[in-house]
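Below is one structure, written out as structure tokens; the observations come after it.
When a ligand or atom number is given, it counts from 1 through the structure's own listing order.
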Amino acid sequence: MLLVSGPSGTGKSTICKLLGEDPRVVFSVSATTREPRAGEVDGRDYHFVSKARFTEMIQDGEFIEHADVYGNMYGTLRKPMEEAIVKGQIFLVEIDIQGALQLKTLEMPGLYMFIAPPDFETLTRRLSGRGTESPELLKRRLHKAADEMEERFKYDHVIVNDVLETAVEEIRLISGLGQGATP
Ligand code: ADP
Ligand code: 5GP
């Protein structure tokens with residue numbers, strides 16, 4: 001398991017998209033109760049499910065971990081992870097800090113990467129530039145990011161996402177994927 005975590009807006013999704021170009025990497029598609037954003041595809045970005053369905057999935061033990069993030073539920077599915085590991089693929093998990101720490105507590109073997117912004121101003125600019133948050137939610141995410149930065153020492157590596165390509169290259173080298181997008 002290659003786990004990519006960090007505060008909101010630090011570039012996790014952007015980085016994971018690039019890492020996912022490697023055929024040895026299988027991206028973990030989480031289930032969520034949040035509404036799809038423009039351009040998001042069900043089954044590719046997330047499995048978008050109702051709250052009732054999510055509760056059912058918890059009861060059926062379908063998640064390795066699940067968490068409430070800003071009022072929506074998110075969960076990592078057990079089955080695709082087990083299938084990827086059996087096939088010797090790299091299971092790429094993009095997850096918030098609570099989820100990552102849950103997996104760490106469960107002693108889920110893997111490489112734990114914390115994505116950090118170069119500085120707080122850059123994070124603010126990127127998050128507001130993404131244009132997906134209301135001013136209220138933006139404020140909440142930034143406030144939480146400051147606290148979440150303290151958790152970085154619990155990870156195997158801290159990757160500063162300044163120049164995107166450099167950050168991705170660093171993760172590829174550390175995780176043994178080597179240089180370049182494909183082998
Ligand atoms: P997260 O998944 O951690 O919430 P995103 O991947 O959505 O973060 O990135 C937040 C915004 O910052 C996006 O608009 C993305 O295009 C931009 N971004 C990500 N990494 C970089 C980078 N290295 N340089 C400039 N912009 C970036
Ligand atoms: P977004 O709604 O912006 O896609 O994601 C919000 C947060 O939920 C992000 O920090 C993202 O990493 C996190 N997230 C996505 N999938 C999961 C998951 O399966 N479990 C947990 N705990 N967090 C997740």
Handout entry: Of all pairs that satisfy side-chain hydrogen bond (donor to acceptor under 3.5 Å, both in side chains), the ones with a partner from residues 90-107, not counting sequence neighbours
Key = Ser13-Glu94, Asp96-Gln98

Exercise for the section: For the residue pair Met113 and Leu111, establish whether any side-chain heavy-atom pair is separated by less than 4.5 Å. Expected result: yes

Exercise for the section: Enumerate the protein residues lying less than 4.0 Å from ligand 2, judged by heavy-atom distances, in chain and residue-number order. Expected result: Lys12, Ser30, Arg34, Arg37, Tyr46, Glu65, Ala67, Val69, Tyr74, Gly75, Thr76, Glu94, Ile95, Asp96, Gly99, Arg141

Exercise for the section: Go through Thr32 and Val69 one step at a time and tell me if the side-chain contact (heavy atoms from CB on, under 4.5 Å) criterion holds. Expected result: CA-CA 10 Å; Thr32 182; Val69 188; over 6 Å; no

Practice task
Could you tell me whether the side chain of Lys12 and the main chain of Pro7 form a donor-acceptor pair under 3.5 Å?
Solution key: yes

Practice task
Enter the distance from Tyr70:OH to Asn72:CG here, rounded to the nearest 0.5 Å.
Solution key: 11.5 Å

Practice task
On the 0 to 90° scale, with breaks at 30° and 60°, tag the Phe54-His66 ring pair as parallel, tilted or perpendicular.
Solution key: perpendicular

Problem - Partner set under side-chain contact (heavy atoms from CB on, under 4.5 Å) for Val26, not counting sequence neighbours - result: Ala84, Gln89, Phe91

Handout entry: Leu19 side chain near Arg172 side chain, heavy-atom distance below 4.5 Å
Key = yes

Identify all N/O pairs between ligand 1 and the protein with a separation under 3.5 Å and present them as a table of atom names and distances.
unit_1   : atom_1 : unit_2 : atom_2 : d
ligand 1 : 2 (O)  : Ser13  : N      : 2.9
ligand 1 : 2 (O)  : Ser13  : OG     : 2.6
ligand 1 : 3 (O)  : Gly9   : N      : 3.4
ligand 1 : 3 (O)  : Thr10  : N      : 3.3
ligand 1 : 3 (O)  : Gly11  : N      : 3.0
ligand 1 : 3 (O)  : Lys12  : N      : 2.9
ligand 1 : 3 (O)  : Lys12  : NZ     : 2.9
ligand 1 : 4 (O)  : Gly9   : N      : 2.8
ligand 1 : 4 (O)  : Arg130 : NH1    : 2.8
ligand 1 : 6 (O)  : Ser13  : N      : 3.4
ligand 1 : 6 (O)  : Thr14  : N      : 3.0
ligand 1 : 6 (O)  : Thr14  : OG1    : 2.5
ligand 1 : 7 (O)  : Arg130 : NH1    : 2.8
ligand 1 : 8 (O)  : Gly11  : N      : 3.1
ligand 1 : 20 (N) : Asn161 : ND2    : 3.0
ligand 1 : 23 (N) : Asn161 : OD1    : 2.8
ligand 1 : 23 (N) : Asp162 : O      : 2.9
ligand 1 : 23 (N) : Leu164 : N      : 3.3
ligand 1 : 24 (N) : Arg126 : NH2    : 3.2
ligand 1 : 26 (N) : Arg126 : NE     : 3.4

Handout entry: Value rounded to 0.5 Å, distance of CG in Leu137 from OG1 in Thr132
Key = 8.0 Å

